[in-house]
Asks: 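Below is one structure. I have some questions about it.
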Amino acid sequence: MELDVSRTVADYAVAYPPSKRVFEKLGIDYCCGGKKSITEACESKGVALEDLAELLKAEEARPQNGEAVELDFASMSLAALSDHIVRCHHNFTREEDARIVALLNKVCSVHGRNHPELFEVQRIFGELKSELETHMLKEERMLFPYISLMESSFNFGMPRPPAPFGSTRNPVAVMISDHDKAAEMLVEIRNLTNEFTVPGDGCVTYRTLFSALEGLEKDLHQHIHLENNILFPKAIEMEDAGTVSDARALQEQACGIHEHGHEHSHGHAHSHGHAHGHAQANGCGCGCNH
Ligand SMILES: [Fe+2]
Ligand SMILES: [Fe+2]
């Protein structure tokens, strides 16, 4: 594979998934930091471009066993991809979060005196867990269902359905900022644990805890990669492909209150807004600017 240094790390991770193994080995972030060009990413990690090209070539030549073969996420429908993210990554995160909390409690109580940094890991992990719970609920209850609905409208040649949050870019920006925060917390945990190195006096539970934390970090990298680099950009691309004026007409029809073109003839927001569950305080929230 010829290395195209002008492309981003995320481009490589999406177009050639085995490259993620190489990036992981080199400590190059392909999810939240995926927008960096290959040149920038190599410079920031002190990696020579020729070395990266060699490693990618070797990865390409390596027989891909079952573990290394990845589904073709870039070609999946957005509904199928969202479903995969929830089934595989959200569920895994919830299970592991609960397991890690129990392990942390045990390891802190036994080893906390000799390794006080464990309490800091426990504090940060508690925050990460709580942030992730809220974040995943926002995706599952609001953003993902909307993306699937927009995709089916798009496939039927219909305009974009109305959304309480306006453009998909708005919730996507919030989700990406949440991802950045989670990634920072993961880095803090990695640093505090000296890259998940179990100390000499560490017991089996200590080892289990560190391997669970490292496993969760790895899974979150893939999880965030699928959202930041595939699902979200494709959803925005789909939204941009729709026609705004048509979407607005449909929104007004769906609202059922407005008579298009008679902006001052109908009632105010409080008289009908709640009937549709619209969240905006001024106007009905259906996107028709009343
Ligand atoms: Fe997610
Ligand atoms: Fe997310």
Side-chain angles (χ1 to χ4, degrees), residues 8-15 17 20 23-24 28-36 70-101 124-152 163-190 212-240 279:
T8 65
V9 175
D11 283 344
Y12 268 88
V14 173
K20 289 185 294 178
F23 294 141
E24 277 158 21
I28 293 177
D29 175 9
Y30 57 82
C31 50
C32 290
K35 296 280 180 282
K36 278 188 186 165
E70 189 170 286
L71 293 169
D72 184 5
F73 296 112
S75 307
M76 270 187 185
S77 73
L78 302 190
L81 181 56
S82 311
D83 190 49
H84 167 85
I85 289 170
V86 173
R87 275 188 300 105
C88 293
H89 298 291
H90 288 197
N91 289 347
F92 176 80
T93 301
R94 288 187 175 108
E95 279 165 22
E96 287 303 282
D97 277 358
R99 183 172 161 246
I100 289 170
V101 164
I124 297 168
F125 187 78
E127 210 181 310
L128 174 68
K129 177 176 178 287
S130 144
E131 296 268 340
L132 286 174
E133 274 165 13
T134 314
H135 175 85
M136 293 189 297
L137 278 181
K138 283 190 269 185
E139 289 179 339
E140 289 168 20
R141 293 189 181 168
M142 182 191 66
L143 184 57
F144 290 0
Y146 180 77
I147 288 176
S148 299
L149 178 67
M150 177 172 71
E151 181 180 51
S152 55
F165 43 71
S167 167
T168 311
R169 281 184 170 79
N170 298 328
V172 160
V174 176
M175 296 301 110
I176 290 177
S177 150
D178 287 353
H179 292 166
D180 290 344
K181 269 188 249 160
E184 278 167 28
M185 287 189 256
L186 288 170
V187 169
E188 279 185 78
I189 290 175
R190 177 171 270 278
L213 282 169
E214 194 165 19
L216 181 70
E217 181 198 59
K218 190 171 183 203
D219 186 77
L220 275 168
H221 284 165
Q222 170 70 356
H223 177 175
I224 293 173
H225 159 67
L226 293 178
E227 293 175 358
N228 278 20
N229 299 332
I230 304 180
L231 182 68
F232 297 162
K234 283 177 95 173
I236 287 172
E237 198 184 318
M238 193 171 275
E239 175 176 306
D240 288 348

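Atoms within each ligand, like the ligands themselves, are counted from 1 in listed order.
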Asks: Relative to the Fe ion (ligand 1), which of the N, O or S atoms in His223 is the closest?
Replies: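 Considering only N, O and S atoms, His223 comes nearest to the Fe ion (ligand 1) through NE2.
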Asks: Hey, is the Fe ion (ligand 2) within less than 2.8 Å of some N/O/S atom on Glu139?
Replies: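 Yes - counting backbone and side chain alike, Glu139 has an N, O or S atom under 2.8 Å.
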Asks: Could you tell me if His223 and His90 have a donor-acceptor pair between their side chains, going purely by distance under 3.5 Å?
Replies: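 Looking only at side-chain atoms, His223 and His90 do form a donor-acceptor pair, the distance falling under 3.5 Å.
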Asks: Do Glu217 and His221 have side-chain N/O donor and acceptor atoms under 3.5 Å apart?
Replies: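 Result is no, nothing qualifies.
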Asks: Quick check: does His135 put an N/O/S atom under 2.8 Å from the Fe ion (ligand 2)?
Replies: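 It does; at least one qualifying atom falls short of 2.8 Å.
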Asks: Please determine whether a side-chain nitrogen of the Lys or Arg among Arg94 and Glu133 lies less than 4.0 Å from a carboxylate oxygen of the Asp or Glu.
Replies: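 Not counted as a salt bridge, because no side-chain N and carboxylate O are separated by less than 4.0 Å.
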Asks: Quick one: do Glu96 and Arg99 satisfy salt bridge (Lys or Arg N to Asp or Glu O under 4.0 Å)? Show the steps, please.
Replies: CA-CA 5 Å; Glu96 287 303 282; Arg99 183 172 161 246; 2.7 Å; yes
Asks: Can you tell me the angle formed at the Fe ion (ligand 1) by NE2 of His90 and OE2 of Glu227, to 10°?
Replies: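 Between NE2 of His90 and OE2 of Glu227, the angle at the Fe ion (ligand 1) is about 120°.
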